[in-house]
There are 2 protein chains.
Amino acid sequence: MGITERKEREREEMRQLILEEALKLFLTNGFDKVSIRNIADKIEYSPATIYLYFKDKNELLFALHQRGFAKMVAEFQPLRLLSDPFEKLVEMGRSYIRFAVENPELFDLMFIMTAPMDKLDKEDWVEGDQAFGLLMQVVQECMDAGIFQKHDVQSTSMMIWSSIHGYTALFLRKRLGMFAECDVPVIMDDAFNLFCETLRKGL
Amino acid sequence: MGITERKEREREEMRQLILEEALKLFLTNGFDKVSIRNIADKIEYSPATIYLYFKDKNELLFALHQRGFAKMVAEFQPLRLLSDPFEKLVEMGRSYIRFAVENPELFDLMFIMTAPMDKLDKEDWVEGDQAFGLLMQVVQECMDAGIFQKHDVQSTSMMIWSSIHGYTALFLRKRLGMFAECDVPVIMDDAFNLFCETLRKGL
DNA sequence: TTGTTTGCTAAACACTGTTCAGTAAGTTTG
DNA sequence: CAAACTTACTGAACAGTGTTTAGCAAACAA
């Protein structure tokens, strides 16, 4: 009686197929220019079929949201090799910004869009929690190494995260129009370096 | 021949009426739950009429975007009275965060939503430029007073702005689900204070 | 070979932003 | 004043959206 198992497997494959094609469309056309009908066309099924695998569009978006976190955490792995904790922290920030600039649509989905965050349980936060845990770990190392004074790790990590996040949020949502377009990357880099320097001296 | 003048005036009044009612709807129902038809119902005109006064929905949103900046700059005025430049800076940050929390929809429109920023000219940035100028001024004062070292004012201001912005962006878009809901305000406040302290010591 | 379950879809519902032909009132001209 | 022109407005449509539901054919179980 392997039938139920096979059906279960086929169901999961279908879910992955939908997510795969949906992600491709979203990444090339942008999230608000892709409709359920577009995705249905791509996978050569009717739009209604998608609703047999996902409660609604937001649930589909949230599934991709999780994929985004997986990709991001993967990109953070190399910097585990760095030995100096502060250098590790700086590189982590740089990676965060790089990820945002190189994967604007994914980053948007993960940290800016309202859509996928409609109503979710505690268990939906494992990915985010994991990524934040990584940061807290490095901050703790900085404190243990005497580079930072001993403050509350959670608040300190939160301070650093949101500061770095600010750059990406303003940049991705094109709120830097007061600067000449060509200056923006330079200003952002200067600001980031200044932030790191300030942390080093002041924390 | 005051007829053309009267017509001009009536046209402007109509624009303001539309904006007024649109803003009311947006602020109570949220931006993505208000349609052109809703606004048309409220002002008791046909939906098509709105398109005689605004090119499209984004132009309407951008007009409100400007109103948001006016309100924000107005809320910044009181802190001009403070004499200590660093205190002024801290209070400015606090005001920014308070404005975001108390006017989430407006703040969203001003700094997070993509819709109103479709394609705009240099001249559309006067409000944003003005607000950023205010910040640069205070940062300059801090440097002149010897509280901060003399770095590039623009980069330093940008660093401070985006750091503060980060809190609001993550909070408003509900990306702090890894913390217990009741802890969030405390953590945010701790993080903000730590940031100010770090600036004071490290910049 | 029945009866039941499953997977899927066509069609509809209630929306959305936007356009355009047509109308009725206001304004200008003869 | 009457005719011509201008302006402000609207009803209806277009092309799209997310989502639901009734029904159908194939796969499975008895």
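Letters A, B, ... mirror the listed sequences (proteins, then strands); counts begin at 1.
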Subject >> Interatomic distance where CD1 belongs to Ile43(A) and P belongs to dG7(C) [whole Å] >> reply: 15 Å
Original post:
Between Asp32(B) (CG) and dC15(C) (P), how many Å, whole number?
Top reply: 16 Å
Original post:
dC9(D) phosphate, OP1 or OP2: any side-chain N/O from Tyr53(B) under 4.0 angstrom?
Top reply: yes
**OP:** State, to the nearest 10°, the angle formed by the axis through the first five base pairs of the helix from dG3(C)-dC28(D) to dG30(C)-dC1(D) and the axis through its last five.
**Re:** 20°
Original post:
What one-letter contact string describes nucleotides 10-21 of chain D from 5' to 3', where B marks a base within less than 4.0 Å of any protein heavy atom, S marks contact via sugar-phosphate atoms alone, and - marks no contact?
Top reply: BB-B---BBBBB
**OP:** Check the distance between dT18(C)'s P and Ile39(B)'s CD1 and give it to me in whole angstrom.
**Re:** 11 Å
Which atom pairs, one a donor and one an acceptor, fall under 3.5 Å between side chains of residues 125-140 of chain A and the rest of the protein, sequence neighbours left out?
from: Glu127(A); atom 1: OE2; to: Gln66(A); atom 2: NE2; distance (Å): 3.4
from: Gln140(A); atom 1: NE2; to: Asp144(A); atom 2: OD1; distance (Å): 3.1

**OP:** In whole angstrom, give the distance that lies between atom CE of Met14(B) and atom C1' of dT7(D).
**Re:** 13 Å
Subject >> Rounded distance (nearest 0.5 Å) linking atom CD of Glu75(B) with atom CD of Glu102(B) >> reply: 6.5 Å
**OP:** Measure from CD on Glu10(B) to P on dT7(D) and round the result to the nearest Å.
**Re:** 14 Å
Original post:
Among all residues two or more places apart in sequence or in another chain, which pass the side chain to side chain donor-acceptor pair (under 3.5 Å) test with Lys55(B)?
Top reply: none
Original post:
Which atom names give the shortest non-hydrogen contact between Leu106(B) and Gly68(B), and what distance separates them?
Top reply: CD2-CA, 3.9 Å
Subject >> Atom-pair distance (CZ on Arg11(B); P on dA8(D)), nearest Å >> reply: 7 Å
**OP:** Quick one: sort the Phe111(B) and Tyr96(B) rings into parallel, tilted or perpendicular, breaks at 30° and 60°.
**Re:** tilted
Original post:
In terms of the angle between their ring planes, are His65(A) and Phe62(A) parallel, tilted or perpendicular, with boundaries placed at 30° and 60°?
Top reply: parallel
Original post:
Which pairs with one or both residues in residues 37-51 of chain B pass side chain to side chain donor-acceptor pair (under 3.5 Å), sequence neighbours excluded?
Top reply: Ser35(B)-Asn38(B)
Original post:
Got a sec, which pairs hit salt bridge (Lys or Arg N to Asp or Glu O under 4.0 Å) with one end in residues 79-91 of chain B, sequence neighbours left out?
Top reply: Lys88(B)-Glu141(B), Glu91(B)-Arg94(B)
